[in-house]
Amino acid sequence: MVVVVTFSTVSLMLTAVAQDYRAYLVCPLIYCIPILLVAFWFPRQGFRVTAFLVGGFVLIQAYLLVLGFAIDPVMTGLHTMIFLWVFGATTLFSQNSHLAALRCRQIAEDTRDAKFLCDPETLRLVCVSKRCADILGYIPQELIGIPAERFWADEADKAWFVEEMKREGYIGNAETTFCTQNGDARVVLLSCRVLFPENLFECTVVDTGRLRDEHEDLVQSNGRLMELIHQSNDIFFMQDVTGRILHFSWLRASDYGISPDEIVGRGVDTLLPGDLAAQHMKQVRKVIQERKNAYYNLDMMVAGARHTLSVTIAPYTGADGALIGVVGSARDTTEMRRQRLACRQMSWEVDQWKGLVTTLSHELRTPLQPLVGYLRMIVEDPGHYGLTKETGEILKTCLECAGQEQAVVERVVELSLLTMDCVDLTVQDIHLRQLVDSVVSSGGYDRKAQIYNEIPDTVCICGDLDRLYLLMECLVSNAIKYNEPPEKVWIRYAGSNENHYIMVCDNGIGIPAETIGSIFRPFYIGNAEKQNSKGGRTGLGLSIANKYALLHGGEITVTSAVGEGSTFTIRIPREV
């Protein structure tokens with residue numbers, strides 16, 4: 001409209017000064033521009049603007065004639081007729097449906113409603129919004145030029161639509177059925193009107209079928225929610241603004257002689273004693289006044305036992321936003337409190353046990369250290385102390401027993417600390433082959449059996465050197481201890497993208513299948529009834545070794561066959 005007004009003003013001004021600047025042949029042509037624009041873009045205002053421009057042109061020409069300028073009346077009349085002819089021709093031309101669609105395209109395509117424009121004669125679509133195309137299962141460009149009658153599932157509905165639009169020019173919320181691209185029938189509400197200047201039908205579509213689907217989904221979701229509510233051990237309730245109970249649901253209500261049907265419609269004092277009912281209603285009134293959720297605990301006696309209920313209350317409003325009342329839930333937290341108390345008691349007992357282990361380790365180590373030291377001095381030189389050879393042998397046996405006892409104490413203390421405390425690892429790169437060679441040579445295991453270290457020289461793993469050393473020592477010593485001639489042990493390696501695998505294999509006595517699951521338990525000793533009198537077995541080695549593997553994020557697994565041997569596999573992650 002700004003462009004039309006601008007050209008109209010320029011046209012009138014040029015007419016007024018045309019005689020001075022000899023532009024009287026050009027200025028009438030300028031009038032055609034605003035007439036064309038207004039007839040095309042604003043057909044309803046076209047006649048008024050054209051009449052205004054023609055009247056202004058004639059008045060200016062008459063005024064110039066009075067002032068003495070040479071004005072040709074014939075040319076003035078001819079120009080007036082040209083202006084009117086341009087307006088009439090443009091108006092008729094703009095009635096073409098494709099041109100009208102150009103004017104309405106942006107409005108139709110940008111709208112959030114489902115709309116389409118169609119030619120009243122052929123019913124062909126000239127413009128479609130994206131939402132309408134989605135309902136019909138197309139993209140907007142595919143629908144241009146398609147007859148709208150293709151979408152009607154019922155010929156009678158289509159005929160009724162055409163008749164009503166020609167007779168009334170308007171249809172409001174008529175229910176009909178459209179066919180989508182894949183052949184599905186979709187129920188819609190159709191509202192149409194005639195755009196008279198553009199000579200088009202403008203139709204708006206509301207997908208009631210989708211609304212019904214959404215309603216059914218909502219009903220199903222509500223049904224599932226109610227099913228969950230009825231299966232929950234929590235109490236769910238609704239109250240109006242006066243405190244009257246509108247809904248009450250509790251799975252265990254019948255266990256306590258409570259009938260939800262008898263409670264609905266009555267006050268909360270039918271459930272709670274007077275003081276507790278007053279406490280609850282105070283919270284309800286607070287929620288209603290402040291429109292905020294409230295949380296509080298309610299201690300009460302239920303079937304002779306004290307229970308603590310954690311209550312949550314929230315305001316409940318209707319579809320119009322008006323406050324209806326409150327909705328809430330109550331959860332029995334008595335068991336949770338008992339569990340928390342039990343956890344605190346267990347934590348206290350663990351702390352006490354840690355202190356006991358520390359005390360026992362000190363009390364057991366302290367007397368053993370001087371005992372082992374003095375016995376070692378006497379056994380090394382019994383003659384210095386005037387002892388006979390027989391006495392020396394007895395004391396040597398005592399030294400061996402004390403040493404075994406000292407080893408047992410150290411392992412028990414180590415296992416207890418691993419079980420209860422968080423152990424920090426000193427992680428570093430370790431050459432695995434060198435670590436195994438060190439274990440074999442330090443323990444003298446190569447003198448007791450044939451050991452084959454098949455680990456490649458290039459293998460490095462990340463881990464705690466001391467603990468991996470003890471882990472390997474445990475598995476190698478077990479492979480030799482439970483072996484039979486010819487005693488052979490193989491130590492192998494395999495790797496993957498995520499883990500290192502170290503295998504310790506032997507050709508020993510093997511482990512029965514029924515005991516494999518027990519060998520990593522503390523103090524488990526296989527064939528304990530056959531243990532010799534010298535002892536020395538505590539049943540802690542594999543348990544401690546497995547703890548070391550777990551500290552690295554790995555594990556130890558075992559496969560075995562009785563009489564053929566066993567394979568212990570250590571899995572250590574590449575990133576510890």
Side-chain angles (χ1 to χ4, degrees), residues 1 3-4 36-46 89-214:
M1 183 59 74
V3 175
V4 173
L36 287 170
L37 293 177
V38 75
F40 184 76
W41 292 109
F42 306 101
R44 295 184 180 182
Q45 308 297 329
T90 306
T91 301
L92 291 175
F93 181 69
S94 66
Q95 297 305 309
N96 182 278
S97 60
H98 293 287
L99 295 177
L102 290 174
R103 293 195 297 272
C104 303
R105 185 181 302 277
Q106 184 173 3
I107 297 175
E109 291 181 351
D110 292 346
T111 183
R112 294 184 179 179
D113 298 329
K115 288 187 177 183
F116 66 87
L117 303 177
C118 66
D119 184 276
E121 300 297 332
T122 63
L123 292 184
R124 291 185 179 275
L125 275 63
V126 296
C127 188
V128 185
S129 70
K130 184 178 185 304
R131 188 167 183 179
C132 181
D134 290 340
I135 292 175
L136 298 174
Y138 293 85
I139 62 175
Q141 291 76 9
E142 293 177 338
L143 291 172
I144 304 301
I146 294 179
E149 60 188 13
R150 176 185 298 182
F151 307 122
W152 262 281
D154 190 347
E155 288 291 332
D157 285 351
K158 182 193 74 171
W160 174 85
F161 166 78
V162 174
E163 181 180 350
E164 284 294 309
M165 288 302 294
K166 288 183 177 179
R167 183 169 62 87
E168 298 288 341
Y170 177 79
I171 294 176
N173 293 328
E175 185 173 285
T176 186
T177 304
F178 276 179
C179 288
T180 63
Q181 185 180 25
N182 57 12
D184 294 337
R186 190 171 292 279
V187 179
V188 299
L189 288 180
L190 188 64
S191 299
C192 299
R193 62 175 180 145
V194 176
L195 299 179
F196 289 103
E198 291 80 8
N199 192 26
L200 292 173
F201 289 169
E202 180 191 45
C203 300
T204 302
V205 180
V206 177
D207 186 1
T208 57
R210 183 171 298 177
L211 293 177
R212 291 175 182 176
D213 293 341
E214 292 176 355

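For this chain, numbers begin at 1 and follow the sequence in order.
- In this pair, Phe116 and Phe178 present their aromatic rings tilted. The plane angle is within the 30 to 60° band.
- Residues Cys203 and Leu190 come closest through the heavy atom pair CB-CD1, 4.1 Å.
- Residues Gln181 and Gly137 approach most closely at OE1-O, 2.5 Å, considering heavy atoms.
- Residues passing the salt bridge (Lys or Arg N to Asp or Glu O under 4.0 Å) test with Glu155, sequence neighbours excluded: Lys158.
- Taking each heavy atom of Asp207 and Ile135 in turn, the nearest pair found is CB-CD1, 3.9 Å.
- Residues Ser129 and Ala114 come closest through the heavy atom pair OG-CA, 3.5 Å.
- Using a 4.5 Å heavy-atom threshold, the side chains of Val194 and Phe201 count as touching.
- Evaluation of the ring-ring contact (aromatic ring centres under 6.0 Å, His included) rule for Phe151 yields no partner, not counting sequence neighbours.
- The two residues Val126 and Ile144 have their closest heavy-atom pair at O-CD1, 3.7 Å.
- Listed for the Thr204 side chain is no donor-acceptor partner under 3.5 Å among the backbone atoms of Lys115.
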*Going through the distances and angles, do Phe161 and Leu123 end up as a side-chain contact (heavy atoms from CB on, under 4.5 Å)?*
CA-CA 11 Å; Phe161 166 78; Leu123 292 184; 4.1 Å; yes

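- Ile139 approaches Ala133 most closely through the heavy-atom pair C-CB, 3.9 Å.
- Proximity of a side-chain donor or acceptor of Arg124 to a complementary backbone N or O of Gly145 within less than 3.5 Å is detected.
- Qualifying salt bridge (Lys or Arg N to Asp or Glu O under 4.0 Å) partners for Glu164, counting only residues two or more places apart in sequence or in other chains: Arg167.
- Atom CG of residue Leu117 and atom CG of residue Leu125 lie 8.0 Å apart, to the nearest 0.5 angstrom.
- To the nearest 0.5 Å, atom SG of residue Cys179 and atom CZ of residue Arg150 are 11.0 Å apart.
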